[in-house]
Amino acid sequence: MGATFSEKVLARNAGRARVQPGEVFDITPDVVLSHDNSAAIQRIFGQLTQARVRFPERLAITLDHAVPPPTPQHARNHAKIRRFVAEQGIPHFFEMGRGICHQVHCEEGVVGPGMILLGADSHSPHCGWLGAFGAGVGRSEIAALWATGELWLRVPETLRITLSGRLAPGVMSKDLALQLIARLGADGANYMAVEFDGPGVATLSPDMRAALVNMMAEMGAKNAFIAPDEVTWRWLEAQLRRNREDDWQERLAFFRDQALLPDLNAPCAGQLDVALDEIEAIVSCPHRVDNAQPVTALAGTRVDLAFIGTCTNGRLEDLAAAAEIVRGRRLRARLLVIPASSQVLADALDAGHLADLIEAGASIGTPGCGPCMGVHAGVLAPGEVCISSANRNFRGRMGQRDAEIYLANPAVVAASAVAGEIVHPANLLAEA
Amino acid sequence: MRSRHRVWAYGDHVNTDVIFPGKYTYSVQHDPAALSRHALEDLDPSFASGVQPGDVIVAGRNWGNGSSREQAVTCLLACGLRAVIAESFARIYFRNAINNGLLALACPGVAELAQSGSELSLDLDAGELVLAGETLHFTPLPPSVRHIVAAGGLIASLKAARGQ
């Protein structure tokens, strides 16, 4: 009988021939992720009176959630983290402005195919687009991982989603993700692994894959997975050559060696077939991610702020889609663009996307999470309406209880910034 | 042993942003008084001032979905809340609850019986509760993680294992 990716990777880690969904045992992750919350984790770690982190080389700490620090308190928080990183000799530390942890780990080859990452962040499934196992946990659990290197994990049931066909022009993987979440519900994959397969996968670019896997957190998934293929390996090689001049060949060989593929005949708890051609551009309405409607049904809804960024949709293709739409136009709503990483920022500059965005009137922020969780850098006023390429539209999410957040793909967000109201990009282009 | 508790009733898919708003994530982290002040701030503004030690929350499906922020658990502990009893929990919330010693009981059928202000009686040994005249059974924890709860949370269980 075959096994899913998640079963295989957890079994290998636990030193078992195979494991069954529902079993609970201790695993030792390859990467332990934390970010601005590392100062709080350090305090919990301190309760264990253990001087040294057990495996400092497995930690990956990124300053991304409130960068540059908006208050002296946030600055002290960052300073505390820097001291800890120096004291413990943690090699994978990424300073403010380098980007969002999930994006940076992929670019830097911190995580790759067949590896296991546990993170104190709910979008830790993100790295699954490279064929890794990523799951979110809490701060106390990360403190325990710093101390012992181990944590209990339950083997998830698997939902297999088989993709066929190809997305229509103007439709992005964000629409597929929002459609899946609307159809299955915000807990449609609670506790489960989501594994994508089928011929449609090959039609999705790296950036589209990352957004899709990232969003599965909003369906409750423990982790999500796309098997590495030629698209993945080409992307990984280019990234490693760019960011790891000294050891890119060894790292690539390591990833090749670690990669695991699910068996085609692996029993799954659920199977869903999706024709990509049938996906249309949709918008998730306040205050739930699974509350989606076609863009056209919401046309005319006033927009005060349009936000493009985050670990979900702040990559080069996202900025390119936005630049394409705003080029040569003026904006009727505020447009805030925050690249997911400094690499995305540099590439968008080279490609001319930033010039298009700035010329139209957009403001550009420091790579990081921006206003996504309401801490700083573009939070909303009472009564304001935001359309965002982020992942959550919960009440109060962007810092203001009495504000409304709509979620959409970056092209819809950019078109709505131009129109000052929600509009389908095709309709905006038709008017011009 | 049976204990009696006052109920705060909420619906499905209550997320961690309304339980503990993200804007406080890096400014309110450990102080119990500050944590409790913001509990459920964007869900029910009457909760933080009205909750009494020993009260319980009864909710629908997928309680605690969204962010992994642990304050969504510790702010309720800081209020003296005895338990969250829900149709189901989002997985990171459930882990955070176990790891911080908050009782998180999955109890199918509980939400439709719940009204804020009503009384619930709880029998942990028997694995049952009584609400609105009905007796319901809740799902036991996986045996392998019971020792964490018994020790009072993950860090406490690690300290106990090390003889600290």
Side-chain angles (χ1 to χ4, degrees), chain A residues 22-25 36-37 39-40 43-45 47-50 65-66 71 73-74 77 119-124 135-141 143-144 147-148 151-152 154 156 185-187 190-191 217-218 220-222 287-288 290 372-376 379 392 394-401, chain B residues 12-30 41-43 45 60-74 87-101 141-145 147-148 153-159 161-162 164:
Chain A
E23 285 186 275
V24 177
F25 53 82
D36 298 45
N37 55 18
R43 186 181 156 120
I44 303 168
F45 177 71
Q47 294 172 23
L48 294 167
T49 62
Q50 174 177 329
H65 273 56
T71 68
Q73 187 175 14
H74 288 88
N77 196 43
D121 188 278
S122 55
H123 290 102
S124 296
V137 297
R139 293 175 176 185
S140 296
E141 300 187 286
T148 68
L151 192 64
W152 63 277
R154 178 183 172 282
D187 57 355
N190 200 10
Y191 294 93
E218 308 313 321
K222 176 179 217 145
H287 298 283
R288 275 175 51 176
D290 57 1
C372 180
M373 87 300 303
V375 175
H376 73 146
V379 298
R392 293 192 177 126
F394 302 147
R395 185 182 283 286
R397 174 76 183 174
M398 291 177 73
Q400 177 50 246
R401 186 181 197 277
Chain B
D12 293 335
H13 300 291
V14 172
N15 64 73
T16 53
D17 275 292
V18 296
I19 298 172
F20 187 85
K23 60 188 168 194
Y24 305 126
T25 314
Y26 305 110
S27 48
V28 178
Q29 310 209 85
H30 308 288
E41 182 167 295
D42 284 349
L43 176 69
R61 282 164 51 191
N62 204 23
W63 172 271
N65 69 101
S67 162
S68 62
R69 71 185 65 123
E70 213 155 271
Q71 294 103 315
V73 166
T74 55
E87 298 284 325
S88 64
F89 289 88
R91 63 166 282 278
I92 302 178
Y93 194 95
F94 188 69
R95 295 183 70 98
N96 283 341
I98 289 173
N99 290 328
N100 284 279
L141 283 177
S144 49
V145 299
H147 70 276
I148 298 174
L154 180 64
I155 299 299
S157 80
L158 270 179
K159 287 168 81 169
R162 295 164 167 209
Q164 287 178 334

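The structure presented is a predicted model; accordingly, all values stated were derived computationally and were not measured. Lettering of chains follows the sequences in order, A, B, ..., and the numbering in each one begins at 1.
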Q. Is there a side-chain contact between A:E141 and B:N96 (heavy atoms, below 4.5 Å)?
A. yes

**Q.** Region of B:L154 in contact with chain A, defined by heavy-atom distances below 4.5 Å
**A.** side chain

Q. Which residue out of A:A147, A:G374, A:S140 racks up the most heavy-atom pairs below 4.5 Å with chain B?
A. A:S140

Q: Apply ring pair (Phe, Tyr, Trp, His ring centres under 6.0 Å) to A:F394 and list each qualifying residue two or more places apart in sequence or on a separate chain.
A: none

Q) Who wins among B:S88, B:S27, B:P21 for the most heavy-atom pairs under 4.5 Å with chain A? A) B:S27

Q: Could you tell me whether the side chain of B:N62 reaches within less than 4.5 Å of the side chain of B:F89, counting heavy atoms only?
A: no

Q) Side chain, backbone, both or neither: which part of B:Y93 has a heavy atom under 4.5 Å from chain A? A) neither

Q.
If I measure from the heavy atoms of chain B, does A:R139 come under 4.5 Å with its side chain, its backbone, both, or neither?
A. both

**Q.** Leading residue by heavy atom contact count with chain A [cutoff under 4.5 Å; candidates B:K23, B:H30, B:R162, B:E41]
**A.** B:H30

Q: Identify which part of B:I148 has an atom lying under 4.5 Å from any heavy atom of chain A, answering side chain, backbone, both or neither.
A: side chain

Q) Would B:F20 and B:V28 satisfy side chain to side chain contact (heavy atoms under 4.5 Å, CB included), going step by step from the backbone distance to the final call? A) CA-CA 10 Å; B:F20 187 85; B:V28 178; 3.9 Å; yes

**Q.** Top contributor to chain B interface from A:M398, A:M373, A:H376, A:R288 [non-hydrogen pairs under 4.5 Å]
**A.** A:R288

Q. In terms of heavy-atom pairs under 4.5 Å, which option from B:V73, B:I92, B:D17, B:V18 contacts chain A the most?
A. B:D17

Q: Could you pull out the closest heavy-atom pair between A:H123 and A:A217, with the gap in Å?
A: CD2-CB, 3.8 Å

Q) Any side-chain heavy atom of A:L48 sitting closer than 4.5 Å to one from B:I155? A) yes

Q: Pick one of side chain, backbone, both or neither for A:Q47, based on which atoms fall under 4.5 Å of a heavy atom in chain B.
A: both

Q. Is it the backbone or the side chain of A:D36 that comes under 4.5 Å from a heavy atom of chain B, or both, or neither?
A. both

Q. So which of A:D290, A:V375, A:N190 has the largest heavy-atom pair count under 4.5 angstrom toward chain B?
A. A:N190

Q) Picking from A:C372, A:A221, A:A186, A:G396, which has the most non-hydrogen pairs under 4.5 angstrom with chain B? A) A:A186

**Q.** Validation row: A:R154, A:Y191 side chains within 4.5 angstrom (heavy atoms)
**A.** yes

Q) Taking every heavy-atom pair that is under 4.5 Å apart, which of B:E70, B:R69, B:R95 has the most such pairs with chain A? A) B:R95

Q. Looking at residues at least two apart in the chain, or sitting in another chain, which of them share a salt bridge (charged side-chain N to carboxylate O under 4.0 Å, His left out) with B:E87?
A. none

Q: Salt-bridge test for A:D187 and B:R61: reply yes if a basic N is under 4.0 Å from a carboxylate O, no otherwise.
A: yes

